Amino acid sequence: MAAAATGGVLLLVEDEDAIGRLVKAYLEQQDGWTVVWIKTGEEAVAELRRHPVRLVVLDIGLPGIDGFEVCRQMRAHSKVPIVMLTARDEEPDRVAGLELGADDYVAKPFSSRELLARIRAQVRRARGGSGPRAEALAVGPLRIDTGSRSVTLRNRPINVTTYEFALLRALAERPGRVLSREQILDLARGSTEETFDRSIDVHVSRLRQKLESDPRHPSLLKTIRGLGYMLVDGTPATHSGEPDEGD
Ligand code: CA
């Protein structure tokens with residue numbers, strides 16, 4: 001899917017030279033960004049206060065204050081989209097980052113393309129989803145058209161409520177990522193004018209009735225115990241997590 005370069009000033013907070021150099025060069029060449037690369041959290045917080053940027057890419061492991069604290073301090077005065085970089089297999093860390101106000105995360109090692117895709121998704125979200133920015137999301141046999149607000153499963157239309165659509169969209173925009181209930185609530189609120197109620201578990205359960213051939217052993221909409229929910233493509237799991245509980 002070709003997209004026009006995004007551009008703008010992006011603040012990259014990363015202490016590792018190799019990663020910083022690579023990310024800076026890639027984003028500048030591939031997507032027209034001007035990347036301000038800073039290696040410590042303290043300097044990054046100060047930089048953001050002086051010069052607003054369009055987006056922040058923030059590593060968690062930093063000398064001095066870590067990425068979580070940087071995120072918290074930035075959120076005290078800025079709504080700038082923040083994409084965190086996390087070490088592999090630190091799912092609880094990722095959820096902690098999201099709860100501190102980060103908008104998304106990318107697990108290391110990541111490909112530059114993956115990071116760019118997530119950055120573009122955040123830029124689209126920050127634009128407020130207004131205008132003809134409809135997207136077709138696909139996760140395994142599931143297709144979600146955000147323009148017509150329609151859902152199909154193996155090309156068969158599925159009727160979903162506004163709540164269910166918002167929930168499914170939040171998960172489908174981050175396939176294979178665990179989202180906490182709070183995070184789902186925040187994201188779902190952003191994509192519907194209706195008041196989103198807190199009974200996420202009830203909506204998940206109803207969605208499973210519509211999507212899963214065996215709702216008690218879901219293959220698409222997974223519960224990750226103690227963390228939240230995740231949408232996967234339904235093929236045999238690469239995620240070596242605990243067995244699913246239907247909740
Ligand atoms: Ca680091």
Side-chain angles (χ1 to χ4, degrees), residues 6-123 125-126 173-180 182-183 186 224 226-228 230 238-241:
T6 310
V9 179
L10 182 151
L11 180 57
L12 169 65
V13 192
E14 168 63 75
D15 59 312
E16 283 174 63
D17 281 332
I19 296 176
R21 254 198 314 272
L22 188 79
V23 169
K24 178 173 162 67
Y26 187 83
L27 294 179
E28 290 186 339
Q29 286 157 22
Q30 298 296 318
D31 207 31
W33 290 94
T34 301
V35 176
V36 176
W37 173 21
I38 288 181
K39 297 184 182 181
T40 72
E42 289 85 348
E43 285 174 87
V45 171
E47 173 66 22
L48 185 65
R49 280 189 180 279
R50 284 195 301 268
H51 305 292
V53 299
R54 193 165 182 191
L55 188 133
V56 174
V57 174
L58 175 59
D59 187 28
I60 290 179
L62 296 167
I65 61 172
D66 68 10
F68 294 128
E69 179 59 20
V70 174
C71 183
R72 201 185 61 73
Q73 292 188 19
M74 286 179 167
R75 272 291 167 263
H77 64 90
S78 172
K79 290 187 157 75
V80 65
I82 299 176
V83 176
M84 299 194 85
L85 303 177
T86 76
R88 194 193 259 288
D89 295 331
E90 287 180 342
E91 210 69 62
D93 274 8
R94 298 172 196 182
V95 175
L98 294 173
E99 284 175 351
L100 280 170
D103 296 280
D104 205 352
Y105 57 80
V106 178
K108 288 180 175 180
F110 56 87
S111 72
S112 301
R113 276 183 60 176
E114 182 188 4
L115 177 61
L116 178 53
R118 301 213 163 252
I119 286 170
R120 284 180 166 167
Q122 288 309 317
V123 169
R125 264 187 70 204
E173 285 175 338
R174 298 156 186 81
R177 301 289 203 271
V178 184
L179 296 183
S180 70
E182 280 302 315
Q183 180 69 12
D186 282 349
I224 307 301
L227 294 174
M230 175 169 77
T238 52
H239 190 86
S240 58

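Sequence positions, counted from 1, serve as the residue numbers for this chain. Counting starts at 1 for both ligands and their atoms, following the listed order. Keep in mind it's a predicted model, so treat the numbers as computed, not measured.
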Subject >> Reported CZ-to-CD distance for the pair Arg113 and Gln30, which is rounded to 0.5 angstrom >> reply: 9.5 Å
Subject >> N/O/S atom of Leu62 inside 3.0 Å of the Ca ion (ligand 1), strictly under >> reply: no
Subject >> N-O pairing of Asp15 and Lys39 below 4.0 Å >> reply: no
**OP:** Return the name of the atom in Asp15, of element N, O or S, nearest to the Ca ion (ligand 1).
**Re:** OD1
Subject >> Asp59: its N/O/S atom lying closest to the Ca ion (ligand 1) (atom name) >> reply: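 Checking each N, O and S atom of Asp59, the shortest distance to the Ca ion (ligand 1) belongs to OD2.
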Subject >> Reference residue Val80; test side chain to side chain contact (heavy atoms under 4.5 Å, CB included); the match among Leu11, Asp103, Val53 >> reply: Val53
Original post:
Do Thr40 and Glu43 get their side chains close enough for a donor-acceptor pair, meaning under 3.5 Å?
Top reply: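 Yes, Glu43 and Thr40 have a side-chain donor paired with an acceptor closer than 3.5 Å.
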